[in-house]
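This chain uses plain numbering: 1 for the first residue, then up along the sequence. None of these values were measured; they are calculated from a predicted model.
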Amino acid sequence: MPEQGVSVTCEGGLDLVGTTHNLFRTPGVATALKNYESSIHGGYRRINGFTKFGSAQPSGTDDVEGIFRYCQGVVACAGANIYYSTNGNSWTQVNKDTYQSKTGTVSVTAGAATVTGSGTSFTTEFAVNDDIKINNEVFNVLSITDNLNLTVDGNFASSASSQVIKKNGANDSQLSSGSAIARTNQADCKFALYEGDTQHGELFIVDGVNKPAMLKITVAGGVNTYSFKEVERSAPDKSKFATIFGERLILAGDSDNPQVVSYSTRLKPEDFTGASAGTIDIGDKIQTVKPFRNKLIVFCESSIFQVSGLDGTPVVSGVTKNIGCVHGNTVQEIGGDLVFLAPDGLRTIAGTARIDDIELGSISRKILPLFRDNIFPNLSTIEFSSMVVREKSQYRLFYYQSGLSNPQQKGIIGTFKVASTGAVGYEWSETEGIPARRVHAGTDTNGNEVLYHAEVDGRVYNHDTGNDFDGANIIAIYKTPDLDYGDSGVRKTLYYIKTSIRAEGTNSNLTVLPRYDFESPNVPQPSEISLGNLISVSTFGNAVFGTAIFGGTLFPQQRATLTGSGFTNNFRIRSAGNQAPYTVSGFYVDFIAGGRI
């Protein structure tokens with residue numbers, strides 16, 4: 001009989017719920033997709049690796065409990081301290097008393113906001129909005145009359161005279177000699193950046209154990225000025241969650257009141273005493289809080305609420321009282337929706353065409369076995385983290401499980417994309433070997449996206465970069481569903497396969513493994529076959545004359561001769577090494593049809 005051929009486009013992502021016969025009709029999906037990502041440009045791309053962020057650990061082997069990109073560098077919480085570094089080669093401890101004594105002494109009166117100086121230089125040493133401390137009471141400067149008189153933004157609780165007036169802000173030398181403000185037993189730290197009108201904004205840090213902390217770093221003439229303090233002024237002492245909404249700092253998850261949301265005075269994120277500050281009792285244990293359009297979404301254990309109207313009388317309304325959030329660390333905003341892990345898999349909160357209306361959606365049906373088998377039975381030993389990789393339109397969820405080695409740690413990647421059919425949705429894949437216990441996605445000073453993660457070795461890592469897992473090989477597996485080529489009743493003898501693969505550099509470790517008749521042990525099964533060497537294409541303006549190889553194609557087809565026959569077969573494409581990523585966009589199979597048996 002004459003040769004026949006079938007082309008398959010790689011799209012659809014991981015499908016773990018489709019039946020065998022359903023998958024005959026969707027040959028481009030994957031039944032295994034490990035350490036690949038569904039590319040927004042089409043096909044399945046082998047993921048990048050990760051590398052160390054610099055050579056030093058913030059606090060020795062102490063676990064890193066939080067990471068945040070801030071002020072041209074990285075803030076990391078480790079041990080009982082908070083550190084800052086621009087390159088990862090040296091770390092500066094910043095959780096210190098950064099208030100510096102200024103000229104003269106002052107007197108204050110209980111119930112009043114005025115400060116009277118003696119030998120002071122208010123006009124030259126202070127400015128409006130400066131953070132000051134007098135007799136252990138902290139305020140911001142509201143106005144300055146002259147060198148001896150100023151007003152703060154609140155009333156003093158106690159009268160005092162001959163007091164030292166201090167201003168928050170220390171240079172590197174002053175910081176090194178400052179006394180530490182210990183962050184005892186901090187864990188799973190959360191961050192909220194209030195941009196305001198300062199150079200890099202104010203970074204608020206909560207951990208569910210210590211008082212909320214505020215860190216501000218400014219840079220002038222190459223000199224850093226550090227301001228650090230624990231937030232007082234009626235802020236909840238042990239808040240676990242923080243975000244910015246309605247020009248306020250929102251705190252929630254205090255262990256003494258786990259159902260209460262607290263919000264600061266508008267435009268004063270450190271002040272929870274003003275007329276526009278307050279609290280809201282939600283009535284369910286809060287898992288996290290996230291802004292969504294003009295609402296504050298409160299995720300709870302068994303329900304979800306939305307809050308609005310903080311400038312007047314707050315309005316609380318239910319989104320659902322039947323579905324809760326498994327863990328707050330799974331909540332991210334992507335594609336105009338909020339994604340979160342519910343008891344039945346990943347769901348979204350999405351806006352609708354109606355004003356102020358939102359709806360719930362389910363997005364992980366094709367990978368429900370991962371949650372059923374890997375995640376939900378092990379919730380007591382799992383630490384969740386998630387991030388959005390905006391350049392790739394990806395939601396990444398990692399479930400770090402204690403007791404497993406780094407090569408066993410797993411995660412899930414969902415790429416939000418438009419399929420060739422025009423359908424919009426998520427295509428899923430898995431990661432294995434990325435021990436991401438804490439993660440963060442931010443931007444550098446040029447607006448470029450930067451990603452970080454941390455495990456339990458005390459280090460911070462650059463995420464999604466390089467060709468290996470910090471020196472370990474990346475093992476990537478893509479397995480197709482069983483293919484019947486349109487007729488499962490006819491035996492086919494396979495002749496060859498052409499895979500369309502775009503290389504991003506040299507790669508010589510790809511193999512293809514055909515398996516016949518649902519991998520039956522009664523059918524002879526061939527050995528793994530090399531797909532040959534991949535070489536990235538040279539393009540005008542980028543290639544180097546005399547070094548690059550010209551004349552290549554963007555998606556070269558790697559041909560491999562096949563052996564064996566069967567009524568159906570699948571293919572497994574595998575690579576294991578530290579060479580460049582590549583994208584499998586599709587493949588063509590040539591075969592000879594036999595008789596019916």
Check whether any side-chain N or O of [X] sits under 3.5 Å from a backbone N or O of [Y] as a donor-acceptor pair, and report yes or no.
X: Lys417; Y: Ser39; result: yes
X: Asp15; Y: Val17; result: yes
X: Asn446; Y: Asn448; result: no
X: Ser530; Y: Gly532; result: yes
X: Thr511; Y: Ile529; result: no
X: Tyr70; Y: Gly201; result: yes
X: Asn378; Y: Asn374; result: yes
X: Glu430; Y: Gly411; result: no
X: Glu449; Y: Arg390; result: yes
X: Ser386; Y: Leu397; result: no

Are [X] and [Y] within salt-bridge range, i.e. N to O under 4.0 Å?
X: Glu37; Y: Arg45; result: yes
X: Lys392; Y: Asp464; result: yes
X: Asp484; Y: Arg25; result: yes
X: Glu432; Y: Lys34; result: yes
X: Asp444; Y: Arg69; result: no
X: Arg572; Y: Glu519; result: no
X: Arg438; Y: Glu65; result: yes

Using every non-hydrogen atom in the two residues, find where [X] and [Y] come nearest and quote the distance to one decimal.
X: Val289; Y: Ala252; result: CG1-CB, 4.2 Å
X: Val331; Y: Lys290; result: CG1-CG, 3.5 Å
X: Val29; Y: Pro481; result: O-CD, 3.0 Å
X: Phe340; Y: Gly324; result: CE1-O, 3.7 Å
X: Thr330; Y: Cys325; result: OG1-SG, 4.1 Å
X: Ile297; Y: Ile358; result: CD1-CD1, 4.2 Å

[X] atom [atom1], neighbour heavy-atom count above 12 within 6.0 Å:
X: Lys190; atom1: NZ; result: yes
X: Glu195; atom1: CD; result: no
X: Asn89; atom1: CG; result: yes

Side-chain touch [X]/[Y], heavy atoms, less than 4.5 angstrom:
X: Glu504; Y: Arg46; value: no
X: Phe50; Y: Phe469; value: yes
X: Ile573; Y: Thr499; value: yes
X: Thr583; Y: Ile501; value: no
X: Leu370; Y: Leu16; value: yes
X: Gln558; Y: Leu534; value: yes
X: Ile286; Y: Phe299; value: no
X: Phe376; Y: Leu341; value: yes

Set out, in order, the CA-CA distance, both residues' side-chain angles and the distance that settles side chain to side chain donor-acceptor pair (under 3.5 Å) for Ser500 and Ser585, then state yes or no.
CA-CA 6 Å; Ser500 182; Ser585 62; 3.0 Å; yes
Distance alone, cut at 3.5 Å: any donor-acceptor contact between the side chains of [X] and [Y]?
X: Asn462; Y: Thr465; result: no
X: Tyr84; Y: Asn224; result: no
X: Asn406; Y: Glu455; result: yes
X: Tyr44; Y: Tyr582; result: no

What distance separates [X] [atom1] from [Y] [atom2], expressed to the nearest 0.5 Å?
X: Ser364; Y: Asp344; atom1: OG; atom2: CG; value: 7.5 Å
X: Arg365; Y: Leu346; atom1: CZ; atom2: CG; value: 14.0 Å
X: Gln409; Y: Ser402; atom1: CD; atom2: OG; value: 8.5 Å
X: His200; Y: Thr218; atom1: NE2; atom2: OG1; value: 7.5 Å
X: Cys71; Y: Lys216; atom1: SG; atom2: NZ; value: 11.5 Å

Test Gln186 against Ile82 for side-chain contact (heavy atoms from CB on, under 4.5 Å), laying out the working first.
CA-CA 10 Å; Gln186 64 179 345; Ile82 301 173; 4.2 Å; yes
Ring centers of [X], [Y] separated by less than 6.0 Å:
X: Tyr194; Y: Phe204; answer: no
X: Phe53; Y: Tyr461; answer: no
X: His463; Y: Tyr452; answer: no
X: Phe68; Y: Phe191; answer: yes

side-chain contact (heavy atoms from CB on, under 4.5 Å), that's the test. Do Tyr400 and Thr381 meet it? Break it down for me.
CA-CA 8 Å; Tyr400 184 93; Thr381 60; over 6 Å; no
For His21 and Phe24, take the angle between the two ring planes, folded into 0 to 90°, and tell me which bin it lands in: parallel under 30, tilted 30 to 60, perpendicular over 60.
perpendicular
Name the orientation class of the two ring planes belonging to Trp428 and Tyr395 (parallel below 30°, tilted from 30 to 60°, perpendicular beyond 60°).
perpendicular
Sequence neighbours left out, what passes side chain to side chain donor-acceptor pair (under 3.5 Å) with Ser405? Give chain and number order.
Gln408
Start with the C-alpha gap between Asp482 and Asn569, add the side-chain angles, then the distance that decides, and say whether side chain to side chain donor-acceptor pair (under 3.5 Å) holds.
CA-CA 5 Å; Asp482 284 274; Asn569 80 280; over 6 Å; no
For Glu383 and Asp188, run side-chain contact (heavy atoms from CB on, under 4.5 Å): C-alpha distance rounded to whole Å, both residues' side-chain angles, the deciding distance at 0.1 Å, then the answer.
CA-CA 9 Å; Glu383 295 184 74; Asp188 195 9; 5.9 Å; no
Run the numbers on Arg574 and Ile475 for side-chain contact (heavy atoms from CB on, under 4.5 Å), then give the verdict.
CA-CA 7 Å; Arg574 181 181 185 272; Ile475 300 174; 3.9 Å; yes
Give the C-alpha distance, both sets of side-chain angles, the deciding distance and a yes or no for salt bridge (Lys or Arg N to Asp or Glu O under 4.0 Å) between Lys52 and Asp470.
CA-CA 7 Å; Lys52 292 182 179 70; Asp470 191 38; 2.9 Å; yes
